[in-house]
Protein chains: 2
Amino acid sequence: MSKEELKRVSDSKISKSIKKGQSIFEEGEKLNGVFCVRAGVSKLSKLSANGKDQIVKLASKGEVMGQRSVIAEESSNLSAVAVSDMEVCFIPKEGIVDTLHKNPDFTVEVLRHMAHDLREADDVIVNMSQKSVKQRVAEAFLYLKESFGEDSEGFLSVTLSREDIANVVGTATESCIRIISEFKKKGYIKTSGKKIGVANEKKLRDLVEGF
Amino acid sequence: MSKEELKRVSDSKISKSIKKGQSIFEEGEKLNGVFCVRAGVSKLSKLSANGKDQIVKLASKGEVMGQRSVIAEESSNLSAVAVSDMEVCFIPKEGIVDTLHKNPDFTVEVLRHMAHDLREADDVIVNMSQKSVKQRVAEAFLYLKESFGEDSEGFLSVTLSREDIANVVGTATESCIRIISEFKKKGYIKTSGKKIGVANEKKLRDLVEGF
DNA sequence: TTAGAAAACTGACTAAAATCATATTTTTGA
DNA sequence: TCAAAAATATGATTTTAGTCAGTTTTCTAA
């Protein structure tokens with residue numbers, strides 16, 4: 001499109017407000033379109049057999065949710081729930097499938113994007129299986145800082161509950177809390193209410209690298 | 001293409017023999033084409049910081065390796081090593097990129113395929129983070145049986161070393177061996193030399209589901 | 001504003017898996 | 001065919017993370 005065309009399509013649609021905690025779509029649901037995030041952050045998660053949610057991805061402004069399912073013509077393998085108040089717009093399936101077949105450049109663009117997502121997914125697999133919970137928590141904070149930025153006081157712009165952080169990392173909430181306490185005590189991070197900020201990026205990085 | 005066109009392109013190329021254990025491409029390498037597997041099985045793995053390989057995918061007949069990197073125009077995030085003697089053929093980048101822009105149906109086909117891979121990757125992430133090592137080992141055997149079949153005597157067609165199995169599952173080799181011994185003792189699997197066969201599929205399935 | 005609920009936290013204990021050490025078996029190449 | 005190397009196996013121990021139980025703090029809605 002790519003950027004321009006997507007923007008045009010997106011702008012033409014009515015944007016919808018979603019309150020924090022509200023669901024956008026559910027695992028198993030048939031999606032008849034994709035959702036573009038205009039503002040706010042959504043968690044994309046999958047329920048595991050033991051009843052825990054695993055957060056696979058966080059989507060923020062400019063990102064598209066549900067395209068995998070629409071393209072593969074499968075029901076969604078993930079649920080999307082707002083982590084903060086959001087603005088999203090909806091693009092119906094027909095328009096997309098149509099464009100995919102008519103505009104090769106757009107399709108290649110989408111393909112590239114998905115190739116990138118796949119690489120990220122590979123990286124997550126390796127992290128999950130080869131790194132300790134402590135390393136993964138450290139990495140999560142670095143990722144949140146890098147991807148969503150921080151406010152004027154150096155706190156992460158996205159505020160996740162401890163449970164959500166645990167679900168990103170793939171660990172028990174209590175374990176996650178313990179590690180957060182430890183990091184705080186060691187001065188790697190700082191907290192203010194629910195807000196968390198990276199205080200010593202180098203130390204966190206060293207930890208992730210295994211030092 | 002799609003099937004036909006891919007086959008045509010593929011057939012026109014010289015197929016190359018790869019001996020078991022030989023490398024096809026390395027992590028970080030720039031690929032100027034993709035590899036189609038004609039025969040045999042290859043492991044696609046990524047080296048983690050602690051020096052262990054994580055096997056992300058096993059590719060067999062009909063599967064294409066390296067397309068993610070070629071499409072995203074990035075160097076490969078994975079290494080490919082033959083797990084058995086193989087026949088592979090090489091399709092140069094140019095031909096692919098060209099076709100992608102000229103043949104939208106082909107591109108959509110590739111896109112669908114990648115969407116599918118992405119879903120599988122999401123599932124792996126959840127398994128890795130939410131299931132026990134024992135469950136993952138059980139799942140690995142079921143996956144190997146389902147994906148690559150078994151011989152006339154009921155042994156898995158792909159023979160992986162214990163270390164490779166451990167690297168698929170994301171665990172220490174010793175832990176993997178212990179679990180294999182346990183499964184054998186309980187009659188869930190049978191072995192004959194290096195060969196492993198599923199002996200009680202139901203029990204393995206129950207274990208994966210958490211019973 | 002305040003009671004009740006939810007989230008965050010802490011401690012004690014248990015279970016799972018990694019690590020280290022070493023033995024045994026299998027494979028391989030000279 | 002035989003010695004060395006690699007793979008497989010097993011035991012003992014330690015580390016890591018999960019579970020359970022209970023407390024404190026924070027948030028929320030009547």
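Below, chains carry the letters A, B, ... as their sequence lines are ordered, and counting in each starts from 1.
Going from atom NZ of Lys185(B) over to atom P of dT8(D) covers 18 Å, rounded to whole Å. Computed from coordinates, the Leu160(B) CG to dT8(D) P distance equals 10 Å when rounded to whole Å. Between the C1' atom of dA17(D) and the NZ atom of Lys52(A) lies a distance of 10 Å, rounded to the nearest Å. Between Lys184(B) atom NZ and dT8(D) atom P the separation is 13 Å, expressed in whole Å. Atom CD1 in Ile189(B) sits roughly 13 Å away from atom P in dT8(D) (whole-Å rounding). In this structure, Glu174(B) atom CD and dG11(D) atom P are separated by 14 Å, rounded to whole Å. Lys195(A) has its NZ atom 16 Å from the P atom of dT26(D), to the nearest Å. Atom CD1 of Ile177(B) and atom C1' of dA6(D) are 12 Å apart (whole Å).
No more than 12 heavy atoms of other residues, nucleotides or ligands sit less than 6.0 Å from atom NZ of Lys134(A). Counting heavy-atom neighbours within 6.0 Å of Glu146(B) CD, excluding the residue itself, gives a total of 12 or less.
Within the structure, a side-chain polar atom (N or O) of Lys194(B) is placed less than 4.0 Å from OP1 or OP2 of dT8(D). Contact annotation: Ser175(A) side-chain N/O to dT16(D) OP1/OP2 distance is not under 4.0 Å.
A salt bridge links Lys186(B) with Glu182(B): the distance from a Lys NZ or Arg NE/NH1/NH2 to an Asp or Glu carboxylate oxygen falls below 4.0 Å. Residues Glu201(A) and Lys145(A) are paired through a salt bridge, judged by an N-O separation under 4.0 Å between the basic side chain and the carboxylate.
In the 5' to 3' direction, nucleotides of DNA chain C lying under 4.0 Å from heavy atoms of chain A begin and end at dA7(C) to dA12(C).
Toward the 5′ end of DNA chain C lies the nearest nucleotide of Thr171(B), the other residue of the pair Thr171(B) and Lys20(B) mapping further downstream. When the nearest nucleotides of DNA chain C are assigned to Cys176(B) and Ile180(A) by heavy-atom distance, the more 5′-ward of the two goes with Ile180(A).
Cation-pi geometry between Lys190(A) and Phe155(A) is met: under 6.0 angstrom from the ring centre, within 45 degrees of the axis.
No contact: Thr173(B) has no heavy atom under 4.0 Å from any strand.
No hydrogens or angles considered: a donor-acceptor pair under 3.5 Å links the side chains of Ser129(B) and Gln54(A).
Between the side chain of Arg178(A) and the base of dT19(D), a donor-acceptor pair under 3.5 Å is found.
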Run the numbers on Gln67(A) and His113(A) for side chain to side chain contact (heavy atoms under 4.5 Å, CB included), then give the verdict. CA-CA 11 Å; Gln67(A) 80 277 39; His113(A) 196 267; 4.2 Å; yes

